[in-house]
Number of protein chains: 2
Amino acid sequence: MTDAPRAQKRSRPVQVADQIKRWVVERDLRKGDKLPNEAAMIAQFGVSKGTVREAMRILEAQGLIVTKTGPGGGSSVGEVSKDRAMSLLGNYFYFKDLSLSDIYQIRKVLEPELVATLAGKLDDETLDELREMAHRHPEPARTPEEEKQQHITSLAFHARIADAADNELLDFVISFMARILADLTVYRRLYAAPNRALWERGRRHQIDLVEALARGDGQSARDIMRSHMQEAETMMNAQEMKITREFMAE
Amino acid sequence: MTDAPRAQKRSRPVQVADQIKRWVVERDLRKGDKLPNEAAMIAQFGVSKGTVREAMRILEAQGLIVTKTGPGGGSSVGEVSKDRAMSLLGNYFYFKDLSLSDIYQIRKVLEPELVATLAGKLDDETLDELREMAHRHPEPARTPEEEKQQHITSLAFHARIADAADNELLDFVISFMARILADLTVYRRLYAAPNRALWERGRRHQIDLVEALARGDGQSARDIMRSHMQEAETMMNAQEMKITREFMAE
DNA sequence: GCCGTAAATTGATAATGATAAATTGGTATC
DNA sequence: GATACCAATTTATCATTATCAATTTACGGC
């Protein structure tokens with residue numbers, strides 16, 4: 001609970017939303033647990049239906065509850081999804097001016113660190129998925145459309161590794177950066193001029209990385225990822241991209 | 001814009017909120033720019049007052065607008081604050097089980113990287129603030145209350161450094177971790193058993209770090225921060241803490 | 001200029017009906 | 001008699017309308 005004891009008067013719907021939050025925290029409710037229905041809340045808090053509904057929309061917007069109609073319906077606690085959290089955080093950065101080098105400054109240290117700790121700990125299913133992604137595009141792109149697709153796959157590769165981390169915060173940060181870069185790829189025409197040598201090295205990196213992870217060689221995995229990040233940054237910087245206002249999400 | 005083209009029917013208030021968002025993005029409105037008033041939106045979207053109000057609560061909950069009453073009042077675009085963004089992200093991690101080692105895995109690589117790039121680039125005012133914080137507690141704590149206070153100061157020291165970064169994402173991630181640790185300190189009794197040698201080294205680290213930053217010695221700054229993180233982690237781990245469900249914020 | 005009042009705007013309630021979905025119950029079929 | 005299906009009922013939320021209260025700026029009289 002971080003509700004600042006702010007003196008300023010808050011609106012009734014916000015007050016009600018906060019009370020419901022406290023109610024949930026106190027009872028340690030989890031995903032799926034049901035909240036009282038509208039009528040009960042109207043009685044409980046002594047406010048009108050409209051106020052209760054506004055309170056519910058507030059909680060819903062934050063991803064904390066889900067609401068269904070019909071018998072057995074009503075509102076229930078809903079775990080905030082990773083996607084929702086990324087969208088909400090995206091709203092914050094919508095007003096900032098992130099640059100590619102800002103993102104790569106972080107990627108360059110976090111991703112090598114991640115793969116080093118992950119070496120030897122991935123299950124076969126994950127490794128196979130990664131192998132598939134690493135091998136999916138056996139040839140350099142010939143069109144901007146293909147280039148975009150390859151880029152998306154590459155970012156999904158990184159996000160997939162992050163998902164395997166046993167560290168939700170590290171997972172989130174890396175996935176969030178991948179999403180920013182992916183959105184950038186989708187909404188702007190972000191693709192590199194053809195460069196077969198560079199492309200070949202990037203592909204090699206991914207393939208080698210998976211095998212280093214598979215055989216539990218953390219040091220190699222770290223080194224490969226470092227090189228990979230370095231080259232990716234160089235390639236991206238060649239695009240003179242300016243990142244900002246890319247998403248204002250759901 | 002990341003609104004997934006979800007097939008499922010969304011409620012009117014959500015639809016209206018999305019339309020307003022699009023409206024804002026299309027016109028590239030910034031903080032302070034005004035939105036149409038309730039009456040205009042009712043006419044514009046052909047919905048009732050209640051629906052418009054629910055839409056506004058949604059946007060308000062995400063920190064995207066602020067609303068005032070009275071003539072010349074109404075809603076206007078409001079930059080999402082760092083604090084609000086941290087609260088919303090906190091809701092996501094409320095349902096996760098972060099451990100101290102999760103956080104320190106990231107701190108250990110990000111913070112040394114940060115100070116290395118910051119060496120020689122801080123203005124005198126910032127350096128003075130950091131010096132003041134580093135020197136604020138000249139003696140080890142004698143009570144749990146003092147211990148808590150010193151810990152808060154130390155985390156503020158790290159957050160202050162992050163704020164100086166010319167990288168909003170790096171700033172946010174580090175500040176967010178500092179906040180989690182600070183909340184942990186406040187809401188649980190998190191304090192170390194007295195250990196003068198450890199305490200002395202920690203204080204020394206901070207003082208030396210500021211001076212390394214002042215004279216532009218990035219390599220020293222990095223090394224000092226690395227040692228500092230290492231010792232901090234050791235100290236925290238001595239507390240067997242389990243982080244979770246610490247905040248469910250505004 | 002100062003001060004009080006009017007006007008503009010959101011805030012909140014109440015009453016009513018529409019819509020969605022799970023449950024119930026009936027009915028036909030095997 | 002058991003089962004599958006379909007329709008009616010019931011229980012919720014969803015959405016609109018009308019009305020009044022609260023708040024705060026803006027204006028006008030002095």
Side-chain angles (χ1 to χ4, degrees), chain A residues 3 6-21 23-24 29 31-78 84 250, chain B residues 3 6-21 23-24 29 31-78 84 250:
Chain A
D3 307 72
R6 102 172 57 178
Q8 194 185 349
K9 200 164 92 184
R10 289 131 95 193
S11 71
R12 286 282 238 298
V14 173
Q15 289 177 41
V16 170
D18 284 347
Q19 284 186 265
I20 295 171
K21 260 188 236 180
W23 201 84
V24 169
L29 300 188
K31 177 179 180 177
D33 291 342
K34 297 193 59 174
L35 269 52
N37 65 21
E38 275 186 3
M41 290 190 178
I42 290 165
Q44 170 77 27
F45 299 119
V47 296
S48 76
K49 185 171 183 135
T51 302
V52 168
R53 286 179 58 74
E54 287 179 40
M56 296 319 238
R57 290 301 83 73
I58 290 171
L59 296 173
E60 208 173 55
Q62 300 177 351
L64 293 170
I65 66 167
V66 293
T67 302
K68 285 193 326 186
T69 65
S75 299
S76 50
V77 178
R84 175 63 130 269
E250 174 202 3
Chain B
D3 308 72
R6 103 174 55 178
Q8 191 186 353
K9 198 165 94 184
R10 288 133 95 195
S11 71
R12 286 287 241 294
V14 173
Q15 289 176 41
V16 171
D18 285 346
Q19 284 187 264
I20 295 171
K21 261 189 236 181
W23 200 83
V24 168
L29 300 188
K31 177 179 180 179
D33 291 342
K34 296 193 61 174
L35 270 51
N37 64 21
E38 276 186 2
M41 289 189 177
I42 290 166
Q44 170 77 28
F45 299 119
V47 297
S48 75
K49 177 166 176 154
T51 301
V52 168
R53 287 180 58 76
E54 286 180 40
M56 295 319 238
R57 290 300 86 73
I58 290 171
L59 297 173
E60 209 173 54
Q62 300 177 350
L64 294 170
I65 67 168
V66 292
T67 301
K68 286 194 323 185
T69 64
S75 299
S76 50
V77 177
R84 173 65 125 275
E250 175 201 2

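Convention: sequence-line order gives letters A, B, ...; per-chain numbering from 1.
Taken from CD1 in A/Ile65 to CD1 in A/Ile20, the straight-line distance is 7.0 Å, to the nearest 0.5 Å.
To the nearest angstrom, C1' of C/dA12 lies 17 Å from CE of B/Met56.
In this structure B/Ser76 satisfies the side-chain contact (heavy atoms from CB on, under 4.5 Å) test together with B/Lys34, B/Val66, sequence neighbours excluded. For A/Gln44, the side-chain contact (heavy atoms from CB on, under 4.5 Å) criterion is met by no residue, not counting sequence neighbours. Residues satisfying the salt bridge (charged side-chain N to carboxylate O under 4.0 Å, His left out) test with B/Lys68, not counting sequence neighbours, are none. Applying the side-chain contact (heavy atoms from CB on, under 4.5 Å) criterion to A/Ala40, with sequence neighbours excluded, gives A/Pro36, A/Asn37. Taking the side-chain contact (heavy atoms from CB on, under 4.5 Å) definition, one finds that A/Ser48 meets it with A/Thr51, sequence neighbours left out.
Nearest heavy atoms, A/Met41 versus A/Leu35: CE-CB, 4.0 Å.
With a heavy-atom cut-off of 4.0 Å to chain B, the contacted part of DNA chain D has its first and last nucleotide at D/dA15 to D/dT25.
Taking 4.5 Å as the limit, every side-chain heavy atom of B/Val47 sits out of range of all side-chain heavy atoms of B/Gln15. Between B/Asp33 and B/Val24, the closest side-chain pair of non-hydrogen atoms is not below 4.5 Å.
Listed by residue number, B/Thr69, B/Gly70, B/Pro71 are the residues of residues 66-74 of chain B with a heavy-atom contact under 4.0 Å to DNA chain D. For DNA chain C, the residues of residues 37-53 of chain B within the heavy-atom distance limit of 4.0 Å (strictly under) are B/Asn37, B/Glu38, B/Lys49, B/Arg53, sorted by number.
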Sequence neighbours left out, cut at 3.5 Å: what donor-acceptor pairs do the side chains of residues 53-61 of chain A make with other protein atoms?
residue, atom, partner, partner atom, Å
A/Arg53, NE, B/Glu54, OE2, 3.0
A/Arg53, NH1, A/Glu38, OE2, 3.1
A/Glu54, OE1, B/Arg57, NH1, 3.0
A/Glu54, OE2, B/Arg53, NE, 3.1
A/Arg57, NE, A/Glu60, OE1, 2.9
A/Arg57, NH1, B/Glu54, OE1, 3.1
A/Glu60, OE2, A/Thr67, OG1, 3.4

